[in-house]
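Here's the structure, in structure tokens; my notes come after.
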Amino acid sequence: MQLSAQRQSARVASRSERVVVPALMPVIAPACPILRGRAVATSSAPVASKRSAVRRAVIAKAATVDAPRKFQQPGQGVKQVNVVYKFGGSSVRDAERMREVADIICSFPQYLPCVVLSAMGKTTNMLLECGELALKTPTDQIGDLAPLKNIRKLHLDTCDELGVEAAVCNEVDRMVNELQQLLIGISIMQDLTPRAKDSLVSFGERLSTRIFASYLRVNGVAARQHDAWELGLTTTDDFTNADVIYEASLPAIKKALAPAPGTAQPEVPIVTGFLGRGQHTGAVTTLGRGGSDLTATVLGAALELPEVQVWKDVDGVLTSDPRIVPSTKPVNELTFEEATELAYFGAQVLHPQAMQPAIRSGKMNVRVKNSYNRTAPGTIISAVRPMDCTVVTSIVLKSNVTLVDIISTRMMGQYGFLATVFDAFRRHKISVDVVATSEVSVSLTLDPKKVAGAVEDELTQLSQELEKIAAVSFRKNLAILSLICNVEKTSEILMRAFSVFQRENINVLMMSQGASKTNISLVVDGARGVEAVQALHREFFDGPSVCSTNAGPTVGLGNGNGNGSHN
């Protein structure tokens with residue numbers, strides 16, 4: 001009775017402090033023999049002592065609470081993976097969120113998921129910061145880099161809080177030391193090559209998946225961690241932004257994740273997102289920021305699954321950026337084309353290339369769900385959807401854009417003008433977003449973040465080359481408003497959009513309708529970009545664009561059927 005009262009008192013105190021305390025057995029039984037001294041190599045004795053004191057406090061608290069409930073094994077009676085779940089960095093940012101993700105994937109016993117994870121929280125940013133700092137830090141001071149210490153603390157503390165296996169604790173500590181050695185190498189060489197950068201940032205996903213798989217196992221769930229390249233995810237050798245080689249990857253992944261003969265209960269695969277292996281170099285490659293979405297859809301296509309679920313921190317794809325438009329609404333349905341355009345023009349929900357495996361598959365849908373609000377139906381993305389009730393689906397703002405006007409009279413009536421222009425952009429490795437052309441002129445927008453070298457140097461060299469055939473002018477600090485819409489209603493959309501611009505005194509510098517027939521792009525002064533998005537959102541989503549359907553009024557959107565299996 002006394003012990004029970006102590007436990008009840010501890011639980012009340014824990015709730016009042018909003019502290020989640022791991023149970024005694026998972027902390028002590030698999031406790032890492034290295035943890036008490038783990039900071040010795042890179043920290044002073046007082047810091048190590050403080051860490052030990054914190055750990056003793058955690059164990060003392062843990063002794064007063066009950067053991068955690070065991071999770072239900074997902075996929076009971078299922079012999080092979082039948083869905084892919086992907087969870088981003090905010091969904092696995094700390095121990096508390098990892099517990100929530102584990103609860104989500106174990107809440108659907110009829111599904112055996114393959115789980116793709118990003119790095120924890122801001123780990124990727126901290127890893128990149130480590131690389132930049134290593135270039136100007138003496139080798140004997142690398143261990144004192146603040147972001148490296150934060151990475152070590154985040155992952156080892158998470159191991160403590162989740163009570164993961166001792167072997168995994170040791171492996172995590174070893175990997176962080178390996179990361180430190182890589183940073184020492186960068187410091188010695190005074191060079192952070194794209195190849196080294198990919199190796200550097202790979203530690204985030206490699207650490208998070210190992211910790212999470214171990215947490216599932218200590219809670220009774222059969223799970224195994226996989227680095228994506230071990231499954232056969234093969235890419236080009238374009239470090240920091242590699243392309244998936246589907247012909248090599250899909251059959252290899254299908255074979256690697258096939259059920260083993262005679263296995264009573266298949267393990268839940270926990271796979272690193274964002275990473276692959278270069279086809280020729282054999283080195284670790286990355287798929288670009290947000291590439292874990294692409295990993296998930298590649299796995300789904302390889303396994304020929306009907307659905308991949310991308311779990312984010314929002315209720316699906318939204319009608320605009322909620323940081324700009326507080327009244328933004330979830331979109332029920334999207335086509336692959338619409339989702340690709342949204343991602344390309346700056347929406348942060350999906351990776352721009354993530355739809356390609358689904359398109360190649362021909363039978364796989366992608367659903368965007370909210371790990372912070374699992375009851376929300378999310379957004380279903382498929383090959384086709386009813387468009388009768390759609391005017392504008394979403395409005396995306398892309399800032400810090402440069403507009404280039406190229407005008408030539410010397411090539412009037414001659415072929416080759418556009419070929420000459422775009423060949424110059426190709427040689428300077430400058431990516432173009434939006435284009436409007438005539439016979440002797442072309443206007444186009446550039447995203448400075450996609451310029452290969454120093455922006456000013458590249459633009460100067462480009463201008464000098466093009467001035468041989470044309471007059472070239474640049475306008476910087478502009479913004480692109482992309483209206484993902486039903487272009488069969490272009491006349492209505494443009495009439496209403498320009499009515500808004502006239503009322504708000506906003507001047508449109510350039511307009512382009514995408515070849516995909518799902519996008520109208522408008523270039524405006526960057527200082528008016530946010531204001532323009534807000535005004536257009538009021539017009540199309542708070543105004544009369546309401547289509548009454550059997551499911552009720554749908555504002556500017558398609559009529560979502562809500563038939564997803566995970567609603």
Side-chain angles (χ1 to χ4, degrees), residues 11 13-23 26-27 30-32 35 38-39 50-51 54-55 57-59 61-62 65 68-69 71 85-107 115-130 146-165 168-169 171-173 175-176 179 201-219 221 223 225 270-274 290 292 310-314 369-374:
R11 286 196 297 270
S14 177
R15 284 196 298 270
S16 66
E17 298 169 7
R18 299 192 178 186
V19 175
V20 180
V21 183
V27 172
C32 308
L35 288 182
R38 70 188 181 212
K50 182 178 179 181
R51 286 183 181 277
V54 171
R55 177 168 173 75
V58 170
I59 294 175
K61 279 190 175 184
V65 298
R69 67 174 180 79
F71 288 116
Y85 298 151
K86 179 266 175 178
F87 293 91
S90 64
S91 297
V92 292
R93 68 186 182 197
D94 53 27
E96 180 182 357
R97 291 306 307 166
M98 283 196 172
R99 291 188 184 97
E100 181 68 16
V101 168
D103 189 65
I104 289 172
I105 69 173
C106 295
S107 295
V115 181
V116 176
L117 297 186
S118 296
M120 293 181 66
K122 300 296 184 182
T123 299
T124 301
N125 290 338
M126 289 191 289
L127 287 165
L128 290 170
E129 185 181 359
C130 282
L148 177 60
K149 287 184 175 181
N150 290 337
I151 291 169
R152 185 184 295 274
K153 176 173 170 40
L154 171 64
H155 290 88
L156 290 176
D157 284 357
T158 301
C159 286
D160 283 358
E161 290 184 52
L162 296 180
V164 304
E165 298 149 314
V168 173
C169 286
E171 186 176 11
V172 168
D173 188 75
M175 288 180 66
V176 176
L179 166 62
V201 298
S202 74
F203 281 89
E205 278 73 13
R206 290 160 62 195
L207 288 167
S208 67
T209 50
R210 283 164 170 79
I211 293 171
F212 186 74
S214 178
Y215 175 62
L216 289 178
R217 289 193 295 268
V218 299
N219 281 278
V221 176
Q225 189 273 347
I270 310 298
V271 183
T272 56
F274 179 54
S292 295
V310 179
W311 291 75
K312 301 283 186 175
D313 55 4
V314 291
K369 296 274 287 178
N370 188 354
S371 65
Y372 290 79
N373 181 19
R374 68 177 79 175

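In what follows, every heavy atom counts, from backbone to side chain, and hydrogens, waters and symmetry copies are set aside. Throughout, numbering of the chain's residues begins at 1 and tracks the sequence.
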For residues Y215 and A102, report the shortest heavy-atom separation together with the two atoms involved. CE2-CB, 3.7 Å

First locate atom CD1 of I105, then atom CD1 of I270, and finally report the distance between them rounded to the nearest 0.5 Å. 5.0 Å

If you round to the nearest 0.5 Å, how far is CG of L162 from CD of E96? 11.0 Å

What I'd like to find out is whether the side chain of F203 reaches to under 4.5 Å of the side chain of I151, using heavy atoms alone. no

So, the side chain of S214 versus the backbone of R210: is there a donor-acceptor pair under 3.5 Å, distance only? no

Shortest non-hydrogen separation from C159 to V172 and the atoms involved: SG-CG2, 4.0 Å

Aromatic ring pairing F87/W311, orientation class (parallel under 30°, perpendicular over 60°, tilted between): parallel

Answer yes or no: is there a side-chain heavy-atom contact under 4.5 Å between M98 and E161? no

Can you give me the closest heavy-atom contact between C106 and F71, atom names plus distance? SG-CB, 3.7 Å

Residue pair S91 / K312: nearest heavy atoms and the distance that separates them: OG-O, 3.9 Å

Could you pull out the closest heavy-atom pair between S292 and L117, with the gap in Å? OG-O, 4.2 Å

Nearest-0.5 Å distance that lies between atom CG in D103 and atom CZ in R374: 4.5 Å

Testing the basics here: between T124 and A119, what is the closest heavy-atom pair and its distance to 0.1 Å? OG1-CB, 3.7 Å

In the structure I gave you, are the side-chain heavy atoms of R152 and D173 within less than 4.5 Å of one another anywhere? yes

Using side-chain heavy atoms (C-beta onward) and a distance below 4.5 Å, is D160 in contact with L156? no

Say whether, by atom type as modelled, one donor and one acceptor occur between the side chain of E205 and the main chain of S118 under 3.5 angstrom. no

Within this structure, what is the CG-OG1 distance for the pair L207 and T272, rounded to the nearest 0.5 Å? 11.5 Å

Point-to-point distance, once rounded to the nearest 0.5 Å, from CZ of R97 to CE of M120: 11.5 Å

A side-chain contact here means heavy atoms from C-beta on lying under 4.5 Å apart; do T123 and S208 qualify? no

Derivation of the side chain to side chain contact (heavy atoms under 4.5 Å, CB included) call for R217 and V168: CA-CA 11 Å; R217 289 193 295 268; V168 173; 3.8 Å; yes

Quick one: CG on N150 to NZ on K122, what's the gap to the nearest 0.5 Å? 14.0 Å

